[in-house]
Amino acid sequence: MDTLRRKTIILFPIPFQGHINPMLQLANILHTHGFKIIVIHTQYNSPNPSNHPHFTFSPIDDNGFSKIAEKLATNLDVTYLIRYLNENCVDPFRDCLAKLLLGDQESTIACVITDAIFYFTQAVADELKLPRLALRTSSMGCVLAYDALPFDSNKTCFCLTKEDSDYEVSVPEYPLLKFKDIMKITSNPQGMGDFVTNMFNQMKASSGIIWNTFKELEESDLETISQDFPTPSFTLGPFHKYFPASSSSLIEQDRTIISWLDKQPRKSVVYVSFGSVALITKSEFQEVAHGLANVGLPFLWVVRPGMVVGSEWLESLPENFQEKMGDRGRIVKWSPQQEVLTHPATGCFWTHNGWNSTLESICEGVPMICSPCFVDQPINARYVSDFWKIGVFLEDGFERMGIEMTIKRVMMDKEGDEIRERISYLKEKVNLSLDKGGSSFQSLNNLVDYISSF
Ligand code: UDP
């Protein structure tokens with residue numbers, strides 16, 4: 001333990017909630033194993049150091065990334081944001097890392113752990129002769145799908161329209177996905193192809209890959225990954241089971257809803273949240289509201305300010321919606337999601353299938369309704385609905401009748417009971433993997449030993 005104590009790990013998250021959470025959870029996990037932690041972060045979405053007094057924080061200049069990130073509100077081409085970060089953070093990151101290496105007298109810097117999306121960091125780490133581990137914050141299935149899809153050819157699968165007859169057909173390169181899913185992944189296949197190539201090359205060049213997943217969930221994909229990425233892989237997730245996400249929340253979580261949940265019957269509440277980035281149109285927003293009203297169950301709905309395109313917050317709700325719903329429905333700006341999912345009143349999770357949300361739902365055995373928006377979400381959603389069969393896909397978007405029927409399938413039908421059984425089984429598997437001797441427990445020990453050996 002004494003030698004470990006003197007070792008420092010430097011971490012560098014992508015500045016979005018779904019990436020900051022797992023990176024800071026990982027930092028906490030490694031800290032409890034005796035490592036000192038330094039977090040390098042962009043100015044945009046900087047974590048609050050007072051929530052992590054045991055870490056040191058080093059901000060770097062991101063060349064005005066907040067202005068670029070604002071574009072997400074009108075254009076969901078994330079590849080542009082990724083490229084911007086990878087091109088503009090090089091010098092600030094190198095300078096910061098070099099300074100930290102020079103200044104660290106009483107402990108040894110063992111390695112740097114950066115988000116796999118920060119592919120530029122591999123060259124910087126190589127230059128400074130520091131091992132780099134890549135943290136991949138999405139699923140292994142997503143990596144395999146990205147690897148298989150023909151992003152950079154002019155094949156038609158990215159150019160279909162809703163009217164094309166192939167829309168419902170499986171994609172030959174990755175049959176779990178339908179053509180309609182592919183269209184959602186990206187609006188810029190060429191940019192996505194470039195990003196994926198860069199990310200994969202630098203993951204392969206890294207000293208190891210850390211995955212926020214657990215072996216039993218993605219066992220078959222893990223085998224393929226081990227062949228495609230012959231660098232050491234560590235599957236010690238789900239990270240939030242060691243440390244909750246609340247301390248890295250960028251928006252204040254509304255905790256008043258816990259006492260409301262306490263008053264609801266067991267497994268009766270429909271929890272609705274589309275994460276920190278996804279957007280919906282005004283008409284989709286209204287359809288969600290009508291669907292929730294018509295199904296007649298209690299609901300807790302997270303509406304982030306700015307989530308509805310062209311609205312500040314709730315202006316586009318149907319007239320008198322909140323008055324009509326009364327105490328049956330609660331709308332909040334941001335929830336303590338993990339606690340909501342753990343709460344016995346929560347019956348299902350209508351989600352965009354961000355990977356953190358998907359894992360959080362699996363860990364609590366809460367069945368999902370899948371409404372993915374973009375990038376990895378359509379892939380996660382297909383795994384949830386068609387492979388693990390622990391949720392139902394809300395096919396073809398937001399429309400009140402479809403919403404009502406889908407919620408009923410999960411909450412009231414026999415199909416819902418079967419889904420609940422399957423996800424409860426996975427919940428048990430998670431717990432076993434985290435227990436002493438389990439696969440995640442073992443993988444964490446392997447990671448600690450590996451980093452200690454640097
Ligand atoms: N989250 C939360 N409160 C909310 C909604 C989400 O704390 O009201 C957290 C959630 O628990 C998860 C993260 O925000 O850890 C969202 O990450 P995810 O990968 O699911 O989606 P993203 O926001 O990246 O699209």
Side-chain angles (χ1 to χ4, degrees), residues 13-28 44-45 47-48 51 69 72-73 76 78 81-82 115-117 135-139 141-142 184-186 211-213 237-258 260-261 269-280 299-308 313 330-343 346 349-364 366 368-381 383-384 391:
I14 285 281
F16 288 101
Q17 187 74 75
H19 293 258
I20 293 171
N21 283 359
M23 186 64 91
L24 291 186
Q25 285 155 0
L26 177 64
N28 272 303
Y44 177 71
N45 274 349
N48 183 351
N51 289 342
L72 260 185
L76 281 180
V78 286
L81 305 190
I82 291 172
D115 195 302
I117 291 178
L135 168 63
R136 184 63 191 142
T137 61
S138 191
S139 63
C142 166
K184 280 192 172 172
I185 291 175
T186 180
W211 304 84
N212 187 13
T213 189
F239 299 168
H240 74 276
K241 289 295 278 181
Y242 307 78
F243 284 93
S246 50
S247 57
S248 50
S249 201
L250 297 166
I251 311 177
E252 196 183 341
Q253 298 179 324
D254 185 338
R255 303 194 50 80
T256 61
I257 45 152
I258 301 294
W260 176 82
L261 278 172
V269 173
V270 180
Y271 172 56
V272 190
S273 168
F274 304 128
S276 62
V277 186
L279 303 173
I280 59 175
F299 63 86
L300 170 59
W301 183 9
V302 177
V303 181
R304 271 179 5 253
M307 181 185 95
V308 185
W313 192 35
R330 288 287 304 268
I331 300 180
V332 293
K333 292 182 175 165
W334 197 243
S335 79
Q337 179 161 302
Q338 287 170 228
E339 281 173 72
V340 171
L341 290 169
T342 317
H343 199 286
T346 302
F349 181 12
W350 182 4
T351 169
H352 69 311
N353 287 114
W355 186 239
N356 295 289
S357 294
T358 304
L359 278 178
E360 287 159 10
S361 212
I362 290 174
C363 287
E364 302 314 327
V366 176
M368 283 168 261
I369 294 169
C370 309
S371 288
C373 175
F374 64 168
V375 282
D376 62 326
Q377 298 155 15
I379 304 165
N380 301 336
Y383 270 85
V384 165

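Counting starts at 1 for both ligands and their atoms, following the listed order. Everything quoted here is computed from the prediction, not taken from an experiment.
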query = Is it the side chain (CB and beyond), the backbone, both or neither of W334 that lies under 4.0 Å from ligand 1, heavy atoms counted?
reply = both
Polar contact flag for [X] and ligand 1 (N/O pairs, less than 3.5 Å):
X: Q338; answer: no
X: S273; answer: no
X: H352; answer: yes
X: Q17; answer: no

What protein heavy atom lies closest to [atom]? Include the residue and the distance to one decimal.
atom: atom 23 (O) of ligand 1; answer: S276 OG, 2.4 Å
atom: atom 13 (C) of ligand 1; answer: N21 ND2, 3.6 Å
atom: atom 3 (N) of ligand 1; answer: S335 O, 2.7 Å
atom: atom 19 (O) of ligand 1; answer: N356 ND2, 2.8 Å
atom: atom 20 (O) of ligand 1; answer: S357 OG, 2.5 Å
atom: atom 11 (O) of ligand 1; answer: E360 OE1, 2.6 Å
atom: atom 24 (O) of ligand 1; answer: G18 CA, 3.3 Å
atom: atom 7 (O) of ligand 1; answer: Q253 NE2, 3.1 Å

note = Heavy-atom proximity to atom 5 (C) of ligand 1, picking from H240, Q377, Q337, points to Q337
ask   = So which heavy atom on W334 is nearest to which on G275, and how close?
value =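 Residues W334 and G275, closest heavy atoms: CZ3-O, 3.8 Å.
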query = Closest heavy-atom contact between A381 and N353?
reply = CB-OD1, 3.4 Å
Can you tell me how far apart [atom1] ([X]) and [atom2] ([Y]) are? Round to the nearest 0.5 Å.
X: Q338; Y: E360; atom1: CD; atom2: CD; value: 4.5 Å
X: S357; Y: Y271; atom1: OG; atom2: OH; value: 7.0 Å
X: S139; Y: I379; atom1: OG; atom2: CD1; value: 7.0 Å
X: N51; Y: S248; atom1: CG; atom2: OG; value: 8.5 Å

For [X], counting its heavy atoms only, list the atoms of ligand 1 lying under 4.0 Å from any of them.
X: W355; answer: 19 (O)
X: G275; answer: 23 (O)
X: G354; answer: 18 (P), 19 (O), 20 (O), 21 (O)

request  = Apply side-chain contact (heavy atoms from CB on, under 4.5 Å) to F16 and S276, showing your working.
outcome  = CA-CA 8 Å; F16 288 101; S276 62; 5.5 Å; no
task = Under the side chain to side chain donor-acceptor pair (under 3.5 Å) rule, what do Y383 and T358 come out as? Steps first, then yes or no, please.
result = CA-CA 10 Å; Y383 270 85; T358 304; over 6 Å; no
query = Taking N212 as the fixed residue, which of T137, N21, L359 is the one that meets the side-chain contact (heavy atoms from CB on, under 4.5 Å) rule?
reply = L359
task = Decide side chain to side chain donor-acceptor pair (under 3.5 Å) for R330 and T256; before the verdict, give the C-alpha distance in whole Å, the side-chain angles of both, and the deciding distance to 0.1 Å.
result = CA-CA 10 Å; R330 288 287 304 268; T256 61; 3.2 Å; yes
ask   = Is it true that a side-chain atom of R304 and a backbone atom of A278 form a donor plus acceptor pair closer than 3.5 Å?
value =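 Yes, because the side chain of R304 sits within donor-acceptor range (under 3.5 Å) of the backbone of A278.
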